[in-house]
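Notes to accompany the following structure.
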There are 2 protein chains.
Amino acid sequence: MTPTDKSADGLDVVRQLRAVSTELDLLAAGFAQRNGLHPTDLRALVCLLDAARARTPVTPGSLGARLGLNSAGTTSLVDRLERLGHVRRTRDPRDRRRVLLEVDERAVALGEAYFGPLIAQVADAAAQLAEPELAAVRRFLASVLEGVTARREDG
Amino acid sequence: MTPTDKSADGLDVVRQLRAVSTELDLLAAGFAQRNGLHPTDLRALVCLLDAARARTPVTPGSLGARLGLNSAGTTSLVDRLERLGHVRRTRDPRDRRRVLLEVDERAVALGEAYFGPLIAQVADAAAQLAEPELAAVRRFLASVLEGVTARREDG
DNA sequence: CGATTCGCCTCGCTGAGCGAGATATCGTCG
DNA sequence: CGACGATATCTCGCTCAGCGAGGCGAATCG
């Protein structure tokens with residue numbers, strides 16, 4: 001790449017990506033606040049909805065691990081979500097030490113109200129690209145994801 | 001859109017974008033924790049570094065507004081950053097009510113240690129695309145940014 | 001069956017961030 | 001110039017998310 005060609009070194013793309021990322025964070029924070037949720041609660045709901053779609057059972061332990069919380073913090077997180085009616089606690093009949101978390105339909109609706117329009121907008125942006133262009137976007141994003149993940153894992 | 005054509009409806013791009021966003025958040029959180037910073041502190045440093053590069057003066061008030069903090073919370077945030085030596089308080093000679101925040105060189109170095117490799121990786125990912133492809137990525141990201149920003153503003 | 005491990009919860013505490021209000025400075029209008 | 005309201009920041013007291021330590025029932029291993 002030529003140092004004089006500013007549009008070809010990808011730095012503007014870096015800026016765009018960062019702007020998108022921070023705007024998404026702000027959007028999420030605003031949504032959380034409007035719904036009486038803390039950022040952690042929203043992240044927890046996202047995990048729960050992902051798991052529900054994948055038919056994967058979630059326990060306080062697995063949720064806390066994924067969010068980086070200790071067991072005490074996880075308990076109070078689940079307490080909050082349960083108090084708001086987003087989640088129910090059920091004893092696992094196979095292993096009665098475990099508690100299974102079931103997301104309420106209201107939480108699913110809430111999640112769709114949040115992600116739905118967002119998904120539609122991104123999908124729409126993607127739909128305005130020709131197929132080979134879309135393929136390039138996919139390759140670029142996959143590459144970024146790989147890089148970020150790799151950086152996160154070693155530190 | 002036809003549910004059977006999974007590659008053309010852009011949903012996979014949505015998933016990629018979300019994955020990138022959450023990975024970036026996790027990376028930031030890990031970096032913050034390793035450096036004794038809270039997520040808010042890191043966001044504040046990002047704002048300060050951006051402003052420093054743009055030669056824009058920053059006051060506790062403007063910083064708090066940008067981060068969505070109360071004046072009391074802003075004061076304690078600046079106290080923390082000052083205690084860690086990342087920032088210095090200076091009275092504005094033109095308006096002695098105001099306090100100007102100056103970032104320390106250590107904070108700049110810290111920021112570059114964090115953003116540098118990340119920027120390099122994204123720029124590298126961009127460099128592996130042909131020019132028309134890169135243009136498509138730019139258009140896509142601009143479109144996503146516009147959509148997200150618009151959604152955030154009305155709510 | 002004990003002994004150990006595992007999963008979750010309770011208790012007490014630290015500290016980020018909020019609301020209310022105090023303090024100092026600035027701009028303005030008589 | 002002096003009084004007054006606006007503005008920028010800070011202080012005080014509080015709430016509550018999350019941590020560390022420890023407890024208790026359930027599973028597993030010897």
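Since the model is a prediction, treat every value here as computed from it, not as a measurement.
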5′-ward residue of the pair A/P93/A/D41 relative to DNA chain D: A/D41
B/E146, CD: over 12 other non-hydrogen atoms inside 6.0 angstrom: no
Residue-level proximity of residues 74-86 of chain B to DNA chain C when a heavy atom falls under 4.0 Å: B/R80
Any donor-acceptor pair under 3.5 Å from B/T75 side chain to B/S71 backbone: yes
Other residues, nucleotides, ligands: >12 heavy atoms within 6.0 Å of A/R89 CZ: yes
Joint cluster assignment, A/F140 & A/L11, ILVMFWY side-chain distance < 4.5 Å: yes
Results of side chain to side chain donor-acceptor pair (under 3.5 Å) for B/R88 - residues two or more places apart only: B/D104
Set of residues satisfying side chain to side chain donor-acceptor pair (under 3.5 Å) with respect to B/Q33, sequence neighbours excluded: none
Whole angstrom value for the distance that separates P of C/dC26 from CZ of B/R94: 13 Å
Phosphate-side-chain proximity, A/R91 and D/dA26, N/O vs OP1/OP2 below 4.0 Å: no
Joint hydrophobic cluster, B/L100 plus B/L63, side-chain heavy atoms closer than 4.5 Å: no
Rounded interatomic separation in angstrom, taking NE2 from A/H38 and C1' from C/dC18: 12 Å
Of residues 62-73 of chain B, the positions that come close to DNA chain D - non-hydrogen atoms, cut-off under 4.0 Å: B/S71, B/A72
Between D/dT7 (C1') and B/R96 (CZ): distance, integer Å: 16 Å
Heavy-atom closest pair, residues B/L129 and A/A136: CD2-O, 4.1 Å
Other residues, nucleotides, ligands: >12 heavy atoms within 6.0 Å of A/R80 CZ: yes
A/N35 (side chain) donor-acceptor with A/L37 (main chain) under 3.5 angstrom: no
Non-neighbouring partners of A/R18 that pass side-chain contact (heavy atoms from CB on, under 4.5 Å), sequence neighbours left out: A/T22, B/V46, B/D50, B/F115
Any B/T40 side-chain nitrogen or oxygen under 4.0 Å from OP1 or OP2 of C/dG17: yes
Find every protein N or O atom lying less than 3.5 Å from an N or O atom of nucleotides 5-7 of chain C, and list the pairs.
{"residue": "C/dC6", "atom": "O4'", "partner": "A/R97", "partner atom": "NH1", "Å": "3.2"}
{"residue": "C/dC6", "atom": "O2", "partner": "A/R97", "partner atom": "NH1", "Å": "3.2"}

